[in-house]
Amino acid sequence: QGNVGQTSHQTVNIDHKRKVVNIDYNNGRNSWSFVMDYGTGFMATRILSKKVCFITRMNKQIVPEITTLPKTIRQKQKDPRSGPAPKEDSFTVSRKRIPDLSVYGKQLQAFCRGIPSYLASEGQENGWKCSICKCGDSKSLPNLIGPRN
């Protein structure tokens, strides 16, 4: 049922040395975690209530560089309407589970270990369709960081 009437909490950790960003959104049953590995160019979302992980390639047209991410987040926190509106990306999720997570790097392998993991790609192909902006609420990643200028 979610966290109706309760406070949600979001944490962002940026590790410049490893080039990894972790975002945790705690909102009861609607909680999720997200990792961006700038070294491999992949990112993953783990939906906690569904016990599932989705991996996709980072779209450098949308995701800010790791060096500008803190500034982008601060700007959005001060004024959520600042900058261009977030772009809504649609993804097609493969129906086949990923058999070997090591191809996506150690960070994503550890992040998705032990739960069903699927590859998501931008665009409309055969598979399950989802929209990244509709997987959470207004504090989802695209609304937090917005598109890169």
Side-chain angles (χ1 to χ4, degrees), residues 2 8-77 80 82-149:
S8 59
H9 175 79
Q10 186 164 325
T11 306
V12 179
N13 293 303
I14 302 172
D15 185 333
H16 290 278
K17 185 177 179 182
R18 292 185 324 176
K19 297 182 182 178
V20 173
V21 175
N22 286 67
I23 300 172
D24 293 310
Y25 180 69
N26 300 301
N27 185 16
R29 288 185 45 82
N30 296 322
S31 298
W32 51 263
S33 294
F34 185 79
V35 65
M36 294 185 286
D37 187 335
Y38 284 83
T40 65
F42 287 100
M43 57 188 185
T45 304
R46 188 173 55 205
I47 310 293
L48 303 178
S49 65
K50 305 283 186 198
K51 295 185 179 141
V52 68
C53 199
F54 300 106
I55 298 175
T56 191
R57 188 171 295 284
M58 291 173 63
N59 181 338
K60 306 228 177 184
Q61 301 280 316
I62 298 172
V63 179
E65 295 293 329
I66 194 167
T67 55
T68 62
L69 192 56
K71 180 181 176 187
T72 305
I73 291 170
R74 279 193 302 277
Q75 287 174 335
K76 282 288 184 185
Q77 287 173 333
S82 68
K87 180 180 183 281
E88 184 173 313
D89 266 349
S90 292
F91 291 85
T92 301
V93 180
S94 171
R95 294 177 190 268
K96 288 179 60 177
R97 285 175 66 168
I98 297 172
D100 181 12
L101 293 169
S102 67
V103 208
Y104 303 100
K106 291 181 181 187
Q107 298 299 317
L108 270 62
Q109 182 180 17
F111 184 75
C112 296
R113 180 178 291 129
I115 59 174
S117 300
Y118 300 90
L119 190 61
S121 54
E122 288 184 88
Q124 306 292 322
E125 299 169 15
N126 290 333
W128 300 309
K129 306 230 180 346
C130 81
S131 168
I132 196 167
C133 288
K134 293 180 181 170
C135 292
D137 64 5
S138 63
K139 301 220 177 177
S140 64
L141 178 72
N143 287 315
L144 175 68
I145 61 176
R148 189 168 75 170
N149 291 336

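The two residues Thr40 and Gly105 have their closest heavy-atom pair at CG2-CA, 4.1 Å. For the residue pair Asp37 and Met58, the shortest heavy atom distance occurs at O-SD, 3.7 Å.
Using cut-offs of 30° and 60° for the angle between ring planes, the Phe54 and Tyr118 rings count as tilted.
Contact check for Tyr104 versus Leu119: side-chain heavy atoms found under the 4.5 Å cut-off. A 4.5 Å side-chain heavy-atom check between Leu108 and Val35 finds at least one atom pair inside the cut-off.
To the nearest 0.5 angstrom, Asn27 atom CG is 10.5 Å from Ser49 atom OG. Lys50 NZ to Thr45 OG1: the interatomic distance, rounded to the nearest 0.5 Å, is 14.5 Å. Rounding to the nearest 0.5 angstrom, the gap separating the OG atom in Ser102 from the CZ atom in Arg113 is 10.0 Å. Within the model, atoms CH2 of Trp32 and CZ of Arg46 stand 12.0 Å from one another, a figure rounded to the nearest 0.5 Å. Here the SG-CG distance, from Cys53 to Leu48, works out to 10.0 Å after rounding to the nearest 0.5 Å. Atom-to-atom distance recorded for Thr56:OG1 and Met36:CE is 13.0 Å, nearest 0.5 angstrom.
With sequence neighbours left out, the side chain to side chain donor-acceptor pair (under 3.5 Å) criterion links Asn13 to no other residue. With sequence neighbours excluded, no residue forms a ring pair (Phe, Tyr, Trp, His ring centres under 6.0 Å) with Tyr38. Contacts of Phe111 classified as ring pair (Phe, Tyr, Trp, His ring centres under 6.0 Å), with partners at least two apart in sequence or in another chain: none. Taking Arg18 as the reference, Asp15 meet the side chain to side chain donor-acceptor pair (under 3.5 Å) condition, with sequence neighbours excluded. Qualifying side chain to side chain donor-acceptor pair (under 3.5 Å) partners for Thr11, counting only residues two or more places apart in sequence or in other chains: His9.
Sequence neighbours left out, not one pair with a member in residues 55-76 passes ring pair (Phe, Tyr, Trp, His ring centres under 6.0 Å).
Between the Ser117 side chain and the Ile115 main chain, a donor and an acceptor come within less than 3.5 Å of each other.
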- Message: Assess the residue pair Ile98 and Val103 against the criterion (side chain to side chain contact (heavy atoms under 4.5 Å, CB included)); give the C-alpha distance rounded to whole Å, side-chain angles, the decisive distance to 0.1 Å, and a yes or no.
- Response: CA-CA 10 Å; Ile98 297 172; Val103 208; 5.8 Å; no
